[in-house]
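One structure is given below, encoded as structure tokens.
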Amino acid sequence: MPELPEVEVLVRHLRRTLPGKIVRSVQVNRAKSLRPTSGRQFRLRLTGARFTAISRRGKYMIFELRSRSGGETVRLLGHLGMTGRMFLALKKARIPKHAAVVFDLGRTNFVFEDTRYFGRLSLDLSAVEKLGPEPLEDDFTPEAFAKELKRSRQAIKVKLLDQSVVAGVGNIYASEALFRARISPKKAANQLKQQRIKALRGAIREVLTEAIEFGSTVPVNFDGAKSDGLFYFGRAPGAPDYYEERLRVYDRAGKPCPECGTPIRRIVQAARSTFFCPTCQKV
DNA sequence: CACCATGTTCCTTG
DNA sequence: CCAAGGAACATGGT
């Protein structure tokens, strides 16, 4: 499911349902998903605690709970990796095969399911300290962005995936933002002119904001069954037409560029696919 | 069998 | 110390 917009949409959903719920017990099926927290530590700290708030930083989710004794705040860091999902499900619902953690909340279960187990749910919050600015907040200024980019000769596409430069952009929206800014993914980060950097910053914000809006219109299925196929590539029933081809280049190799008709190309950078229009993205 | 997949971290090399 | 590249983690779809 997961780049910044998908996580943001999920956080907004959970915010409506999770606060107030008390953890009766915790079932840890995959202790590695808690790293570096141990299963024992995890259960001890969370059993009896009440969810109070949920926030997001980059692709990370931060759950706040009040401990059973009432005094202290417990923070939980969640990351969905490539295939992670979190959802509330009725007790009678079948627990998915790759459920890493299941919280018993009384009437419902709160499930962290993660097929590939790249995700994480941990008491260790230190990962967020390494993150760069939130792209949709005010401190993601063109100047701060430029300062980061000037220090690197890496290809700009690869640099956009560096979470210490800007937090939350992933492989899909990196290609999409570069397309909108008309910048070649192969361009060295430190070769970009200030004007192009400004345009790229704007494109990142635009792409992420539109994705959040789109995700908010989609009926996400929190019973767990396929909630993301629709989110990424499809369109909600009755959603506006302009969302139909929401992604303009990602996963569209060989298809015509929506601007000029040139076939979209796929290249590999840092072992990940990049999609771009060789005609529109020349800078 | 091959190759592909929304992510991060660790190790090596320079 | 650093930047940069590649492997590793793990499972499933085509």
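Quick note on labels: first sequence line is chain A, next is B, and so on, each numbered from 1.
Following rounding to the nearest Å, A:Arg272 (CZ) and C:dA8 (P) show an atom-to-atom distance of 17 Å. Between A:Gln269 atom CD and C:dA3 atom P there is a gap of 19 Å when expressed in whole angstrom units. Between the CG atom of A:Asp251 and the P atom of C:dT14 there is a distance of 12 Å, given to the nearest Å. Between the CZ atom of A:Arg35 and the P atom of B:dT8 there is a distance of 12 Å, given to the nearest Å. A:Arg85 places its CZ atom 12 Å from the C1' atom of C:dG12, with the value rounded to the nearest Å. Spacing between atom CZ of A:Arg153 and atom P of C:dG5 amounts to 10 Å, rounded to whole angstrom units. Across the protein-nucleic acid pair, A:Tyr250 atom OH and B:dG7 atom C1' stand 12 Å apart, rounded to whole Å. When the P atom of C:dA4 is taken as reference, atom CG of A:Leu160 falls 14 Å away, rounded to whole Å.
Looking at A:Tyr173 and A:Glu6, their side chains do bring a donor and an acceptor atom within 3.5 Å of each other. A donor-acceptor contact closer than 3.5 angstrom is absent between the side chains of A:Arg66 and A:Thr52. Side chains of A:Ser152 and A:Asn190: no donor on one and acceptor on the other come within 3.5 Å. A donor and an acceptor atom, one from each side chain of A:Gln269 and A:Thr274, are located under 3.5 Å apart.
Residue A:His98 has no polar side-chain atom (N or O) positioned under 4.0 Å from OP1 or OP2 of C:dA10. In terms of phosphate contacts, A:His79 brings a side-chain nitrogen or oxygen within less than 4.0 Å of OP1 or OP2 of B:dT8. For the pair A:Lys59 and B:dG7, the criterion of a side-chain N or O lying under 4.0 Å from OP1 or OP2 is met. Dashed line: the shortest gap from a side-chain N or O of A:Lys159 to OP1 or OP2 of C:dA3 is not under 4.0 Å. For C:dG12, the OP1/OP2 oxygens have a side-chain nitrogen or oxygen of A:Lys97 closer than 4.0 Å. Considering only side-chain N and O atoms, A:Gln154 lies under 4.0 angstrom from the phosphate OP1 or OP2 of C:dG5.
The aromatic ring of A:Phe118 sits over the base of B:dG7, with ring centres less than 5.5 Å apart and planes tilted by under 30°.
Picking from B:dA5, C:dC9, B:dT9 the nucleotide with the shortest atom distance to the side chain of A:Arg116 gives B:dA5. Of the candidates C:dA4, C:dG12, B:dA5, the closest approach to any side-chain atom of A:Thr115 belongs to C:dG12. Closest to the side chain of A:Gln163, from the set B:dT8, C:dA10, B:dA5, is B:dT8. Listed nucleotides: B:dC4, C:dA3, B:dG7. Nearest to the side chain of A:Arg151: C:dA3.
Looking at heavy-atom distances under 4.0 Å, A:Thr83 makes no contact with the nucleic acid at all. Counting any heavy atom pair closer than 4.0 Å across all strands shown, A:Arg30 reaches sugar-phosphate atoms only and no base atom.
Straight-line distance between the P atoms of B:dC3 and C:dA7: roughly 14 Å, to the nearest whole Å. Distance check on atom P: B:dA2 versus C:dA8 gives 16 Å, rounded to whole Å. Rounded to a whole angstrom, the distance from the C1' atom of B:dT9 to that of C:dG12 is 23 Å.
Toward the 5' end of DNA chain B, the nearer of the two residues A:Phe275 and A:Leu161, judged by each one's closest nucleotide, is A:Phe275.
For the pair A:Arg75 and A:Phe63, the cation-pi test (distance below 6.0 Å, angle within 45°) is failed.
In a base pair of the Watson-Crick type (N1 to N3 plus N6-O4 or O6-N4) or a G-U wobble (N1-O2 and O6-N3), with each distance short of 3.5 Å, C:dA10 is matched with no nucleotide.
Under 4.0 Å is where a charged nitrogen must lie from a carboxylate oxygen, and between A:Lys97 and A:Glu113 no such pair does.
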